[in-house]
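Keep in mind that the numbers below use all heavy atoms, side chains included, and drop hydrogens, waters and symmetry copies. Atoms within each ligand, like the ligands themselves, are counted from 1 in listed order. Sequence positions, counted from 1, serve as the residue numbers for this chain. Nothing here was measured: the structure is a model prediction, and the numbers come from that model.
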Amino acid sequence: MNLILLGAPGSGKGTQGVLLAQRLGIPKIATGDLIRAAMKDGTPLGRKAKGYYDQGLLVPDDIVLGLIEEVLGSPAAGQGVIMDGFPRTRAQAEAVDRRLQARGRRVDRVLLIDVPEDELVKRMMGRAAQEGRSDDTPEAFRQRLAVYREQTEPLVTYYRERGLVTTIPGLGTVEQIADQVKRAIGE
Ligand code: AMP
């Protein structure tokens with residue numbers, strides 16, 4: 001099963017993705033994690049990404065498309081994958097479609113985790129205190145929200161036209177939201 005988790009920064013995609021990956025026994029792949037690891041290791045990709053990342057901007061598609069090709073083409077993704085934090089642009093969505101098609105697969109479902117904006121800001125402030133991410137400053141977070149609305153939210157229409165989107169209200173306990181996720185994919 002190939003699933004996409006879509007939602008604003010702070011919507012809880014990552015948390016639900018981990019639980020879902022454990023239940024389904026398929027990997028959760030987060031481009032944000034891969035980019036953070038590349039920055040920490042100081043790889044060429046990490047060095048190119050850092051300026052965009054720290055400002056809360058998207059890392060350009062010419063860098064991310066290669067990453068997507070690589071992860072979706074890997075043996076680990078052969079039985080399906082949970083995509084967390086990608087695709088984030090139309091070009092990335094098309095790359096995902098092409099890469100899955102080449103394996104005789106497709107996007108099976110898109111779970112849109114929907115959280116009101118004031119709650120997102122509250123969560124970001126809590127997370128900044130706990131994790132100290134360099135893009136969890138109020139300025140970078142506001143930028144990430146704006147980028148989500150402008151560049152990523154249009155993907156909801158892209159997938160809705162194909163009947164793939166289930167909206168999950170992202171308020172409540174982790175368990176309550178996980179139950180709704182289960183229902184959405186017929187678990
Ligand atoms: P995340 O951990 O998913 O919130 O991503 C954190 C940051 O990593 C984003 O604000 C972007 O700078 C970068 N990033 C992660 N995934 C992508 C992607 N698919 N396309 C472009 N930039 C990305």
(message) If you apply the rule side-chain contact (heavy atoms from CB on, under 4.5 Å), what do you find for Q16 with I168, and how did you get there?
(response) CA-CA 11 Å; Q16 291 301 326; I168 315 265; over 6 Å; no
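- The closest non-hydrogen atom to atom 13 (C) of ligand 1, taken over L34, D54, I35, comes from I35.
- Contact atoms of ligand 1 toward V59: 12 (O), 13 (C), 21 (C), 22 (N) (distance under 4.0 Å to a heavy atom of the residue).
- In this structure, R144 forms no cation-pi arrangement with Y148, as its terminal cationic atom is not both closer than 6.0 Å to the ring centre and no more than 45° off the ring axis.
- Distances from atom 15 (C) of ligand 1 to the heavy atoms of R36, R88, R144, K50 show the closest one on R88.
- Taken from CG in L57 to CD in Q151, the straight-line distance is 8.5 Å, to the nearest 0.5 Å.
- At under 3.5 Å, not a single nitrogen or oxygen of G56, backbone or side chain, sits near a nitrogen or oxygen of ligand 1.
- With E187 as reference, R23 is the one residue of R109, K182, R23 to meet the salt bridge (charged side-chain N to carboxylate O under 4.0 Å, His left out) rule.
- Atom OG1 of T43 is separated from atom NZ of K48 by 9.0 Å, given to the nearest 0.5 angstrom.
- Residue D135 touches ligand 1 through its side chain alone, judged by heavy-atom distances below 4.0 Å.
- Ligand 1 is never approached by K13 to a heavy-atom distance shorter than 4.0 Å.
- In this structure, Y53 OH and R36 CZ are separated by 4.0 Å, a value rounded to the nearest 0.5 Å.
- Atom CG of L3 sits about 7.5 Å away from atom CE of M83, to the nearest 0.5 Å.
- An N or O contact shorter than 3.5 Å is missing between V64 and ligand 1 by distance.
- Between E94 and R98 there is no salt bridge, since none of the side-chain N atoms of the basic residue sits less than 4.0 Å from a carboxylate O of the acidic one.
- Contact atoms of ligand 1 toward G32: 2 (O), 5 (O), 15 (C), 16 (N) (distance under 4.0 Å to a heavy atom of the residue).
- Salt bridge D97/R162: present, at least one basic N to carboxylate O contact under 4.0 Å.
- Within ligand 1, the atoms closer than 4.0 Å to a non-hydrogen atom of L57 are 11 (C), 12 (O), numbered from 1 in the order shown.
- The closest protein non-hydrogen atom to atom 8 (O) of ligand 1 is Y53 CD1, 3.4 Å.
- Shown in contact with Q92 at under 4.0 Å from a heavy atom are these atoms of ligand 1, numbered in order with element: 18 (C), 19 (N), 20 (N), 21 (C).
- The distance from ligand 1 to the heavy atoms of G85 drops below 4.0 Å at these ligand atoms: 16 (N), 17 (C), 18 (C), 19 (N).
- Ranking protein heavy atoms by distance to atom 16 (N) of ligand 1, first place goes to T31 OG1, 2.8 Å.
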